[in-house]
Amino acid sequence: EKFITEALESAINQTIKANTIVVSDNNSNDKTREILTKIIKKYPCSNIKLYKNEVNLGYHNNLNKCLEYSKGFDYLVILYADDILKPDMIESHINFFSKYPYLGLIGSKEDMINERGVFLKTTSNGINIFYNAGNIYEYVIDTAQYIADSSIMYDRTKLDNVGIYQTNTLFSNELFNMRVLQKYPILIRGDSVVYRRDHKQNQLYEWAKNRRNDYIGEIKNYDKLVQFEKRPDFQNKLREYYKNRFPRMLIALGASSIRKNVDIKGATIYLFNAALMKPIVVFSKPYLKSLFLIILNALGLYRLFYNIHHK
């Protein structure tokens, strides 16, 4: 609700207009519907189609609704309601697709903004990287299997060969993009076509706090990710990569639980499981720093430390 107008207007005010803008309202119970109705009246020529699910289908099933509504499209961008597209996002991606029509998707780096829209940082490096179909290991090593979701444009005509978003995993976006790469080459641009908003109400923070057991279970079951890589030698390399990366990811989730939610119980659980996966991480600087903050909180000194540290 809070950011929907800014997000939708960024899709409307593109240098090349979208033929159709579909809004999939996942049975929201706030003022989203009222806001969307006003936007549709304000931009009558933008061909905005509004669908509302009769019940909340959940995050992943709503993504599949987006796939369903986009049948017959040439290209598809799934814009998340708290992100903002840069004005030439559609035009610049289509220019790449015109040059490289065999691509399954094009994504980019991202500019991070906070809740108020203030710029925080960019991941842009100016280097465009193409990945051949099936090169899962190279892609994961370079990107940690992450592409800014709202930066992605799919060749919609190819997605019927990919399937739908999995609904039994928290990592449906990442897995979907890896399935695209199994069948088609992809391009990750080195510039940014999107502003991604970092705020406490986004889906990642909600899952990290309220579905931590699911998160930990998925991270520990990393072998299912390895199966995306079909080359045996690279499978072994990918397995070793995940064995090293995922404990660090749990530490990062623990640190985030402290900083953003002051969720000490959650942080402790994440750190404990990181140590179980790879005991040596208990000597790493990020682990010790997070453990230090947990101890400060137990002593009632965390807020004092935080205020002094951020003056």
Side-chain angles (χ1 to χ4, degrees), residues 1-53 56-57 59 62-97 105-124 147-156 173 189 191-206:
E1 173 190 358
K2 188 173 183 179
F3 309 114
I4 187 69
T5 297
E6 198 171 5
L8 193 50
E9 287 187 337
S10 77
I12 293 169
N13 296 317
Q14 289 286 302
T15 54
I16 288 183
K17 305 302 180 186
N19 291 333
T20 306
I21 297 175
V22 173
V23 181
S24 182
D25 180 357
N26 200 13
N27 197 249
S28 57
N29 55 11
D30 52 20
K31 294 183 179 179
T32 295
R33 184 82 177 187
E34 178 183 337
I35 294 169
L36 292 172
T37 301
K38 289 180 180 179
I39 294 174
I40 291 171
K41 289 181 178 178
K42 183 178 179 180
Y43 299 97
C45 297
S46 293
N47 196 21
I48 302 172
K49 296 183 178 181
L50 175 57
Y51 299 91
K52 183 169 183 176
N53 300 327
N56 189 308
L57 301 176
Y59 174 78
N62 197 42
L63 287 175
N64 286 325
K65 279 291 183 182
C66 294
L67 291 181
E68 178 185 327
Y69 298 142
S70 67
K71 279 188 177 293
F73 291 8
D74 293 324
Y75 302 106
L76 170 65
V77 175
I78 299 180
L79 173 61
Y80 290 74
D82 40 11
D83 295 340
I84 302 170
L85 301 180
K86 292 188 178 181
D88 65 343
M89 187 274 192
I90 292 177
E91 180 177 10
S92 61
H93 270 356
I94 287 179
N95 286 340
F96 275 104
F97 270 119
L105 71 80
I106 300 173
S108 82
K109 302 297 185 180
E110 61 188 2
D111 292 342
M112 301 290 297
I113 58 176
N114 67 11
E115 191 167 357
R116 299 185 303 277
V118 176
F119 176 82
L120 299 174
K121 63 179 181 179
T122 184
T123 61
S124 298
I147 314 173
D149 292 315
S150 294
S151 80
I152 299 172
M153 178 180 283
Y154 298 97
D155 182 335
R156 181 62 183 86
N173 299 53
R189 295 171 51 175
D191 57 349
S192 167
V193 299
V194 67
Y195 295 101
R196 184 168 73 84
R197 199 180 303 269
D198 184 32
H199 61 99
K200 292 182 180 180
Q201 287 75 45
N202 74 18
Q203 193 73 65
L204 177 61
Y205 293 136
E206 188 272 325

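Keep in mind that this is a model prediction, so the values were computed, not measured. These numbers come from the heavy atoms of this one structure, side chains and all, not from hydrogens, waters or symmetry mates.
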Item to check | From CA spacing to verdict: side chain to side chain contact (heavy atoms under 4.5 Å, CB included), N114, D198 | outcome: CA-CA 5 Å; N114 67 11; D198 184 32; 5.8 Å; no
Nearest-0.5 Å distance that lies between atom [atom1] in [X] and atom [atom2] in [Y]:
| X | Y | atom1 | atom2 | value |
| --- | --- | --- | --- | --- |
| R196 | L120 | CZ | CG | 10.0 Å |
| I94 | Q14 | CD1 | CD | 9.5 Å |
| I21 | L50 | CD1 | CG | 12.0 Å |
| L8 | L79 | CG | CG | 8.0 Å |
| Y195 | E110 | OH | CD | 12.5 Å |
| I12 | K17 | CD1 | NZ | 8.5 Å |

Treating [X] as the side-chain partner and [Y] as the backbone partner, does any N or O pair qualify as donor plus acceptor under 3.5 Å?
| X | Y | result |
| --- | --- | --- |
| E91 | T15 | no |
| H93 | S151 | yes |
| S10 | I84 | no |
| R156 | L76 | no |

Next on the checklist: Looking only at the side chains, is there a donor atom on one of D191 and S124 sitting less than 3.5 Å from an acceptor on the other?
Outcome noted: no
Checklist entry - Can a donor-acceptor pair be found between the side chains of N53 and N26 at a distance below 3.5 Å? => result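 A pair is found: one side chain offers a donor N or O, the other an acceptor, under 3.5 Å apart.
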Checklist entry - Does R189 make a cation-pi contact with F96, if we ask for NZ or CZ under 6.0 Å from the ring centre and within 45° of the axis? => result no
Checklist entry - Looking at K86 and V194, what are the two nearest heavy atoms and their distance? => result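 Heavy atoms of K86 and V194 come nearest at CG-N, 4.0 Å.
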Only pairs under 3.5 Å count here: list side-chain donor-acceptor contacts from residues 35-48, not counting sequence neighbours, and write none if there are none.
{"residue": "T37", "atom": "OG1", "partner": "R33", "partner atom": "O", "Å": "2.9"}
{"residue": "K42", "atom": "NZ", "partner": "E9", "partner atom": "OE2", "Å": "3.2"}
{"residue": "Y43", "atom": "OH", "partner": "E9", "partner atom": "OE2", "Å": "2.9"}
{"residue": "N47", "atom": "ND2", "partner": "N19", "partner atom": "O", "Å": "2.9"}
{"residue": "N47", "atom": "ND2", "partner": "T20", "partner atom": "OG1", "Å": "3.1"}

Checklist entry - Is any side-chain heavy atom of I152 closer than 4.5 Å to a side-chain heavy atom of N173? => result no
Checklist entry - Between E6 and R197, is any pair of side-chain heavy atoms under 4.5 Å apart? => result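 In contact.
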Item to check | Audit row: F97, M153, side chain to side chain contact (heavy atoms under 4.5 Å, CB included) steps and yes/no | outcome: CA-CA 9 Å; F97 270 119; M153 178 180 283; 3.7 Å; yes
Checklist entry - Please walk me through it: do Y75 and I106 pass side chain to side chain contact (heavy atoms under 4.5 Å, CB included)? => result CA-CA 11 Å; Y75 302 106; I106 300 173; over 6 Å; no
Checklist entry - Of I78, N62, N64, L63, which is the lone residue that meets side-chain contact (heavy atoms from CB on, under 4.5 Å) with S24? => result N62
